[in-house]
Enquirer: 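Starting off with a structure, shown below.
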Amino acid sequence: MIDIQLIRENSREVIERLKVRNMDAAGLVERVAEADSERRQMQKQLDDTLAESKVLARRIGELFKSGKGQEAEGLKQESGRLKQQAKVLQERLDVVAGELNELMTRLPNIPHPSVPAGNTEADNEIVREEGKAEAAPPEALPHWELCKKLDIIDFEAGTKITGAGFPVYKGKGARLQRALIAFFLDEADKAGYTEIQPPLMVNADSAYGTGQLPDKDGQMYHVQSDDLYLIPTSEVPVTNLFRDTILKEDELPVKYTAYSVCFRREAGSYGKDVRGLNRLHQFDKVEIVQVTHPEKSYQALKEMVDHVAVLLKKLELPFRVARLCGGDLGFAAALTFDLEVWSGAQGRWLEVSSVSNFETYQSHRLKLRYRSSEGRNLHAHTLNGSALALPRILAALLENNQDKGGVIIPEVLRPYTGFDRI
RNA sequence: GGAGAGGUGGCCGAGUGGUCGAAGGCGCACGCCUGGAAAGCGUGUAUCCGUCACAAGCGGAUCAAGGGUUCGAAUCCCUUUCUCUCCGCCA
């Protein structure tokens, strides 16, 4: 959530800047401001009442000790009254604080000044394009057909044993996927990211910490018997490593990378856009995460985008980088760059990475802070990005590198695959 | 899954109803000492909320979490949760 201080100090600007998201936040911001001041009043009343009863309790104790039990008995009544009052105030405070919190979670992050206005992905600003996005020769197959022909991914088998969106990778297909994962992790390692293998299920607190709950309830698979959620991305467990943490300033930046399987329900999408590997319920992804000093986060964002871009270049895939417009920007992000690879056979761009700076939005929820050199505890900035999501990379790689006999493996992957073509 | 023992500050560890946010130690920071360092000595060292200038000061909360008993709880009771030990099961 955003810093409530921003609303106390300059609610007008908050409203103004949220307009970039096509959001009219005026009403919500006003209600936050009201709830905030009410909460503070309530807090004051409660504190005063407790202070009073504390003094009283001490006096009663003294009276008992000095044998003035009679006098003490009289004060007990007063004490009981204060206790009752404190209880009522506490309950009201809890209600107000709960309301305030609920309202705050409904406010998205404030977009960075560079975020362009716009509604849909069509309004995103392409900031970079590399490689040639050429139409594939007419005989080129989309990956789902290619996979069938080469017998490397079996979609029907996955549907049989689980359901749609759970492909079965097979033979060189499985090996290629594993090669990509290893390649991505090695590259992240070289770039200074520490590898993490996180749990694939998280509890509700963690899901809340990164904003999957309550905003995206229903996106995640929920294991009811144990009240756990299958992670939609390793961002969730990895970022939650920092929940309720105060880092030392010199520990920043923290750079973590994690490979994990990801699970998404993605309810209600069908058709061409989700065929084959384009959109799955279960997929693999390597994620990079950074926790930085507030002044260094945009430098880190650039570094992360560049890292992903280098991966794509090494894989020899044509790609472009888009700065997301206000309407396309995720709830928690201040600025996001999407990286998309060109899929010749499908004739379209596939999103393979999304790199975001959340500034302090996540760290407020997570209570992630660092101790500044002046000894103050300040919220750190968090960033994350895919580096990379496997299925679409696999799709683009297969489609773009196909020739008559099969598929050519890019040079960088050969040490990992052990073969140079499929 | 069964039985038992426990969860106190960055760590270890006192503390079984009163002035305890909490002794002591370690660690850490700063200072003294030193040519420099170690040792030694000294000082300081949790988080959040409110008031307020996001200062000082003051008030409140927090000893796993939640609830209860009591004038008063880290200390007593209940529930939950986690850890450890033993047994069972098991990749």
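Lettering follows sequence order; numbering is per chain, from 1.
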Enquirer: For a quick test of your reading: what N or O donor-acceptor pairs under 3.5 Å do the side chains of residues 89-100 of chain A make, sequence neighbours left out?
Expert:
unit_1  : atom_1 : unit_2  : atom_2 : d
A:Gln90 : NE2    : A:Asp94 : OD1    : 3.1

Enquirer: Provide the Watson-Crick or G-U wobble partner of B:G18, both distances under 3.5 Å; none if there is no partner.
Expert: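 Checking every strand shown, B:G18 finds its partner in B:C71, with both distances under 3.5 Å.
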Enquirer: Which whole-number value in Å describes the distance from A:Asp244 CG to B:U62 C1'?
Expert: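 Interatomic distance, CG of A:Asp244 to C1' of B:U62: 13 Å.
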Enquirer: By salt bridge (Lys or Arg N to Asp or Glu O under 4.0 Å), which residues pair with A:Arg17, not counting sequence neighbours?
Expert: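 By the salt bridge (Lys or Arg N to Asp or Glu O under 4.0 Å) rule, A:Arg17 matches A:Glu13.
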Enquirer: Can you tell me how far P in B:U8 sits from the matching atom in B:G15, rounded to whole Å?
Expert: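 Nearest-Å result for B:U8 against B:G15 at atom P: 14 Å.
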Enquirer: Could you tell me which residues satisfy salt bridge (Lys or Arg N to Asp or Glu O under 4.0 Å) with A:Glu30, sequence neighbours excluded, listed by chain and number?
Expert: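 By the salt bridge (Lys or Arg N to Asp or Glu O under 4.0 Å) rule, A:Glu30 matches no residue at all.
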Enquirer: Treat primed atoms plus P, OP1 and OP2 as sugar-phosphate and everything else as base, then score nucleotides 54-61 of chain B 5' to 3': B for base contact with protein heavy atoms under 4.0 Å, S for sugar-phosphate contact only, - for none.
Expert: B----BSS
Enquirer: Tell me the partner of B:G42, counting only Watson-Crick (N1-N3 plus N6-O4 or O6-N4) or G-U wobble (N1-O2 and O6-N3) with both under 3.5 Å; none if nothing fits.
Expert: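 Its partner is B:C30.
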Enquirer: On a whole-Å scale, what distance lies between the P atoms belonging to B:U70 and B:C77?
Expert: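 That atom pair is separated by 16 Å.
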Enquirer: Is there a donor-acceptor pair closer than 3.5 Å between any side-chain N or O of A:Gln402 and the backbone N or O of A:Leu141?
Expert: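 Here the side-chain-to-backbone pair exists.
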Enquirer: Only counting residues at least two apart or in another chain, list the ones meeting side-chain hydrogen bond (donor to acceptor under 3.5 Å, both in side chains) with A:Ser114.
Expert: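 A:Ser114 satisfies side-chain hydrogen bond (donor to acceptor under 3.5 Å, both in side chains) with A:His112, A:Arg323 only.
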Enquirer: Name the pairing partner of B:U85, where a pair is Watson-Crick or G-U wobble with both distances under 3.5 Å, or state none.
Expert: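 Looking at the geometry, B:U85 pairs with B:A3.
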Enquirer: Which residue pairs pass the salt bridge (charged side-chain N to carboxylate O under 4.0 Å, His left out) test when at least one of the two sits in residues 189-205 of chain A, sequence neighbours left out?
Expert: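 Found A:Glu187-A:Lys190.
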Enquirer: What integer number of Å spans the C1' atoms of B:G24 and B:A14?
Expert: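 About 7 Å, rounded to a whole number of Å.
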Enquirer: With A:Lys296, which residues qualify under salt bridge (Lys or Arg N to Asp or Glu O under 4.0 Å), at least two apart?
Expert: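 With neighbours one apart ignored, the set is empty.
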Enquirer: Using only atom types and a distance under 3.5 Å, with no angle test, would you say the side chain of A:Arg371 pairs donor to acceptor with the backbone of A:Lys248?
Expert: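 Side chain of A:Arg371 to backbone of A:Lys248, a donor-acceptor pair under 3.5 Å: no, none is there.
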Enquirer: Let me know the distance between CG of A:Leu247 and P of B:G10, rounded to the nearest Å.
Expert: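 Rounded to whole Å, this separation is 14 Å.
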Enquirer: What interatomic distance, in whole Å, is found between C1' of B:A46 and the corresponding atom of B:C52?
Expert: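 Comparing C1' positions in B:C52 and B:A46 gives a spacing of 22 Å.
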Enquirer: Say you pick atom C1' in B:C33 and the same atom in B:U43; how far apart are they, in whole Å?
Expert: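 Pairwise C1' distance, B:C33 against B:U43, rounds to 15 Å.
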Enquirer: Under the rule for salt bridge (Lys or Arg N to Asp or Glu O under 4.0 Å), what residues qualify as partners of A:Lys19, not counting sequence neighbours?
Expert: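 Scan of A:Lys19 (salt bridge (Lys or Arg N to Asp or Glu O under 4.0 Å), adjacent residues dropped) gives A:Glu16.
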Enquirer: Would you measure the distance from the C1' atom in B:A22 across to the matching atom in B:U83 and give it in whole Å?
Expert: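 To the nearest whole Å, 23 Å.
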Enquirer: Determine the Euclidean distance between corresponding P atoms of B:A73 and B:A65; express it in Å to zero decimal places.
Expert: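 B:A65 and B:A73 have their P atoms separated by 16 Å.
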Enquirer: What is the distance, to the nearest angstrom, from the CG atom on A:Leu100 to the P atom on B:C49?
Expert: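 Value for this atom pair: 12 Å.
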Enquirer: By the ring pair (Phe, Tyr, Trp, His ring centres under 6.0 Å) test, which pairs, at least two apart or in different chains, include something from residues 189-213 of chain A?
Expert: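 For residues 189-213 of chain A, and leaving out neighbouring residues, the ring pair (Phe, Tyr, Trp, His ring centres under 6.0 Å) pairs sorted by first residue read A:Tyr193-A:His307.
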Enquirer: Across all strands, who's sitting opposite B:G9 as a Watson-Crick or G-U wobble pair, both distances under 3.5 Å?
Expert: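 With both distances under 3.5 Å required, B:G9 matches none.
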Enquirer: Which pairs with one or both residues in residues 251-264 of chain A pass salt bridge (charged side-chain N to carboxylate O under 4.0 Å, His left out), sequence neighbours excluded?
Expert: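 Those involving residues 251-264 of chain A are A:Lys255-A:Glu303.
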Enquirer: Any side-chain to backbone donor/acceptor pair from A:Ser53 onto A:Ser79? Under 3.5 Å, distance only.
Expert: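 Looks like no, no N/O pair under 3.5 Å.
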Enquirer: Considering only atom P, compute the distance from B:C63 to B:G21 and round it to an integer number of Å.
Expert: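 Approximately 11 Å lies between the P atom of B:C63 and that of B:G21.
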Enquirer: Identify the nucleotide, in any strand shown, that forms a Watson-Crick or G-U wobble pair with B:U79, with both distances under 3.5 Å; if there is none, say none.
Expert: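 When the pairing criteria are applied, B:A65 turns out to be the nucleotide that pairs with B:U79.
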Enquirer: Rounded to the Å, how far apart are A:Asn203 CG and B:A65 P?
Expert: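 Between P of B:A65 and CG of A:Asn203: 16 Å.
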Enquirer: Separation of A:Asn101 atom CG from B:C49 atom P, in whole Å?
Expert: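 Rounded to the whole Å, the gap is 13 Å.
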Enquirer: With a 3.5 angstrom cut-off on both distances, give the Watson-Crick or G-U wobble partner of B:U51, or none if there isn't one.
Expert: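 Matched B:U51 with B:G57 under the 3.5 Å cut-off.
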Enquirer: Using whole Å, report how far CD of A:Glu251 lies from P of B:C28.
Expert: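 That distance rounds to 15 Å.
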Enquirer: How would you summarise protein contacts on nucleotides 68-83 of chain B per nucleotide, using B for base, S for sugar-phosphate only and - for none, with heavy-atom distances below 4.0 Å?
Expert: S-BBS-----------
Enquirer: With a 3.5 Å distance limit and no angle check, can you tell me whether A:Ser386 reaches the backbone of A:Ala389 through a side-chain donor-acceptor pair?
Expert: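 Not confirmed, A:Ser386 side chain does not pair with A:Ala389 backbone.
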Enquirer: For B:A37, give its Watson-Crick or G-U wobble partner with both distances under 3.5 Å, or none.
Expert: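 The base-pairing partner of B:A37, which may sit in any strand shown, does not exist here.
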Enquirer: Taking N or O atoms only and anything under 3.5 Å, show me the protein contacts with nucleotides 45-48 of chain B, one pair per line.
Expert:
unit_1 : atom_1 : unit_2   : atom_2 : d
B:U47  : OP1    : A:Arg371 : NH1    : 3.4
B:U47  : OP1    : A:Arg371 : NH2    : 2.3
B:U47  : OP1    : A:Asn377 : ND2    : 3.0
B:U47  : O3'    : A:Arg369 : NH1    : 2.9
B:C48  : OP1    : A:Arg369 : NH1    : 2.2

